[in-house]
Student: 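Take a look at this one; I'll ask things after.
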Protein chains: 2
Amino acid sequence: MQRGGEGGPGGGGGGAGSGGAKKRPTINDIARMAGVSKKTVSRVINDSPLVRGETREAVKAIIQETGFAPDPQARGLAFRRAFLVGLIYDNPNPQHTVSHQQGLLDALQGSGFELVVRPIDRTSPRRLSDIRSFIERQKPFGVVLPSPVSEDEELVELLKELDCRYVRIASVPLDEDDRMVVSHDGEGAAQAARHLADLGHTRIALVSGPPTFRSSKERRKGFEAGLAERGLLLDPALVRQAGYTYESGVAAARDLFALPNPPTAVFALNDEMAAGAYTSAHEAGLTIPRDISVVGFDDAPIASRLWPPMTSVRLPLRDMGRLAGEMLAPDLMRGRPPSHDVQPELIVRASTATPR
Amino acid sequence: MQRGGEGGPGGGGGGAGSGGAKKRPTINDIARMAGVSKKTVSRVINDSPLVRGETREAVKAIIQETGFAPDPQARGLAFRRAFLVGLIYDNPNPQHTVSHQQGLLDALQGSGFELVVRPIDRTSPRRLSDIRSFIERQKPFGVVLPSPVSEDEELVELLKELDCRYVRIASVPLDEDDRMVVSHDGEGAAQAARHLADLGHTRIALVSGPPTFRSSKERRKGFEAGLAERGLLLDPALVRQAGYTYESGVAAARDLFALPNPPTAVFALNDEMAAGAYTSAHEAGLTIPRDISVVGFDDAPIASRLWPPMTSVRLPLRDMGRLAGEMLAPDLMRGRPPSHDVQPELIVRASTATPR
DNA sequence: AACCTCTATGATACCGGTGTCATTTCCACT
DNA sequence: AGTGGAAATGACACCGGTATCATAGAGGTT
């Protein structure tokens, strides 16, 4: 399989039979068959109004018949824009990426755009030059930024400079920017707070996320607001800073459960940390929900697989991805501007109960 | 933001400042600056040996200086191959997709290739025409097929016909095909069998996967082989067919635990179903591992988050993705042909113990 | 010196589309 | 019938690279 000559992708595939493979028609073939110029075919492809109805139908018929589809590379070259949409993510929680990606693909389905995925490391200074080179070279039609990338103002600034369309997915409206999908995590956290308060809990602990994440700040703020609605105040002694990871959740909860006057309920700002609280509860010999109620956030698959099944705040991640995709191409979504907001929902399962 | 004229991607991005945006240099600029023809620059880009060392260095210096990078679209158009690699997956287990994707991205890192993701539905007859149109239009350099897509012979046949390079990821060598990453799931299952047998279990149940999946067949076969090594036979009365899902695992295990003479250990062919067994054990009042030992397969994150932490067979999913990516571009991997095989490894945690 | 071969380079066509602008066609109105 | 203006169409350059093939030099042979 060694190639002698110059580089490039070159070479053939895995199979053998390079039989009578009739080549795909190009725009020139269509033009010839329709008896018009290639430019007219181009107009038909691009839905230009400057084509007589009759001509349009004739060309369309031939396109249909031959199964012609324009070459995205050639089109992209001429347009100076690729028929690609980028998903730029940094992955504290793979579950989010999967779901967002799935939703985004739902939206792109049949649109002729392909999804290219670009993980970045938010702590690396190289991320900016990486993305710059990606955008400049590939010229994607647009990109989607789930949190926490959506909060990276330097990156957003870069995208503006590069004149690259983007949609941000975040827990709270950011800036005066209009292209966003907002999940209002604060409201979800407030639901969790009200739920626990209504069950009669007063000593409620909080396992917080990294302070640099907007989602963490927002969830915490919403949680405090929810408690306030019920006349409760978050006790600083019952707050632990963690890092959105399982291990950090284990450590934080372990610490809380060892308190002389331990909490009767714990709200963890994501399911990973809540799962950590389950582990610490087991280690400490506490039974959920008899001795300690636990609420998570995200309603990831693990929430329903733990025992007892965990109460958690559900985020419609897939919908969020889909909405982001739809917002990228508003011109295609004739008329109705897609909604910008989604609402979290508390899923009550068996990990929460009245305190003893 | 409404555009009046013809269609296409067009339009600008979100930002304002379209200031002194100096355009990226093209191959023509480089040629002019270096005082050579564009073809010579092209030769340098593609590492052609037909360039005098002196000329090469001069051109390279200018490329370095200007930060020139060739346009993938133009290059792709001329090569009739896109600088894209496809990941075609069908997703019984999102965890696999994430990990494979990550590994594949590891391999593609810095190669100039972008990863485009294409989910398909293995039960849909449209999948073939979908993929055909994807390949014909985008002309990806190659594609990676994780299982169960890798077992879709119709699809593989199509790829051969389209002369599209591919690498399959599967649990067992398929056909006489040479471009594969093989994980030898059977050996992993055998390790699980030996582990349980060595603990003293004899009434060992099996929660099997969908019979159409090679991985399921392979794991089961390996498990039986492992038992045989220890002089044990799989009791057909202790085998339940399930569907690789959590719910099906719950149902299968519930059934097993209700048996008059229930098993003392369960091996589930993936972690999702094993998590289901945990749930059924809880429902039945059985304590793991005292009353029942449980072993899963995949070592997904959930394995270590369940209580007690679950013994499971680990698959190096990320490595598999990386290897697949490296195998796609053997020309770039000067010399050393990448290895085709990876080995599963049993991770022993706290869900397995000597039977009472 | 003439001839040959091999290496290095460039001129030009081409990949498959779109943009620009000139030209033709159509139709309403004098 | 003649005319003006808008609608419809096409010729041709161009997007930014690569392939082909011709050609200029370098070095060796007779």
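Protein chains get the first letters and strands the later ones, always in sequence-line order, with residue 1 at the start of each.
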Student: Roughly how far apart are A:I120 CD1 and A:D152 CG, rounded to 0.5 Å?
Tutor: 6.0 Å
Student: For A:D163, is there any backbone N or O sitting under 3.5 Å from a side-chain donor or acceptor partner on A:R165?
Tutor: no
Student: Nearest-Å distance, CZ (B:R137) to P (C:dC15)?
Tutor: 20 Å
Student: Would you say a side-chain N or O of A:N28 is under 4.0 Å from OP1 or OP2 of C:dG16?
Tutor: no
Student: To the nearest 10°, give me the bend of the helix from C:dA1-D:dT30 to C:dT30-D:dA1, comparing the axes of its five terminal pairs at either end.
Tutor: 60°
Student: Just to verify, which of A:F113, A:F79, A:Y166 counts as forming a ring-ring contact (aromatic ring centres under 6.0 Å, His included) with A:F141?
Tutor: A:F113
Student: Nearest-Å distance, CD1 (A:I45) to P (C:dG17)?
Tutor: 6 Å
Student: Is a side-chain donor or acceptor of A:R43 paired with a backbone partner of A:S48 at a separation under 3.5 angstrom?
Tutor: no
Student: Would you say B:S42 places a side-chain N or O within less than 4.0 Å of OP1 or OP2 belonging to D:dT18?
Tutor: yes
Student: Could you tell me how far apart A:D71 (CG) and D:dC15 (P) are, to the nearest whole angstrom?
Tutor: 18 Å
Student: Just how far is it from atom NZ of B:K139 to atom CG of B:L77, taken to the nearest 0.5 Å?
Tutor: 7.5 Å
Student: Rounded to whole angstrom units, what separation is found between the CG atom of A:L77 and the P atom of C:dT18?
Tutor: 11 Å
Student: Compare the minimum distances between each of C:dT18, D:dA19, C:dG16 and the side chain of B:F79, then state the nucleotide with the smallest one.
Tutor: D:dA19
Student: To the nearest angstrom, how far is A:R75 atom CZ from C:dG19 atom C1'?
Tutor: 14 Å
Student: For B:R81 and D:dG16, give me the distance from atom CZ to atom P, rounded to whole Å.
Tutor: 24 Å
Student: Could you state the CD-P distance from A:Q73 to C:dT18, rounded to the nearest angstrom?
Tutor: 14 Å
Student: B:Q138 has an atom CD; how far is it from atom P of C:dG16, in whole Å?
Tutor: 15 Å
Student: If the threshold is 4.0 Å, N to carboxylate O, is there a salt bridge linking B:D130 and B:R127?
Tutor: no
Student: Got a second to check how far A:L317's CG is from A:I169's CD1, nearest 0.5 Å?
Tutor: 8.5 Å
Student: Nearest to the B:R80 side chain among D:dT18, C:dC15, D:dC15, which nucleotide is it?
Tutor: C:dC15
Student: Below 3.5 Å between N/O atoms, which protein atoms pair up with nucleotides 7-10 of chain C? Just atom names and distances, please.
Tutor:
from   : atom 1 : to    : atom 2 : distance (Å)
C:dT9  : OP1    : B:R52 : NE     : 3.3
C:dT9  : OP1    : B:R52 : NH2    : 3.2
C:dT9  : OP1    : B:T55 : OG1    : 2.5
C:dT9  : OP2    : B:R52 : N      : 3.0
C:dG10 : OP1    : B:S37 : N      : 3.4
C:dG10 : OP2    : B:S37 : N      : 2.8
C:dG10 : OP2    : B:S37 : OG     : 3.1
C:dG10 : OP2    : B:T40 : OG1    : 2.6
C:dG10 : O6     : B:R43 : NH2    : 2.8

Student: Are A:D29 and A:T66 close enough, and set up right, to give a side chain to side chain contact (heavy atoms under 4.5 Å, CB included), and what steps lead you there?
Tutor: CA-CA 10 Å; A:D29 301 325; A:T66 56; over 6 Å; no
Student: Quick one: CG on B:L87 to OG1 on B:T97, what's the gap to the nearest 0.5 Å?
Tutor: 7.0 Å
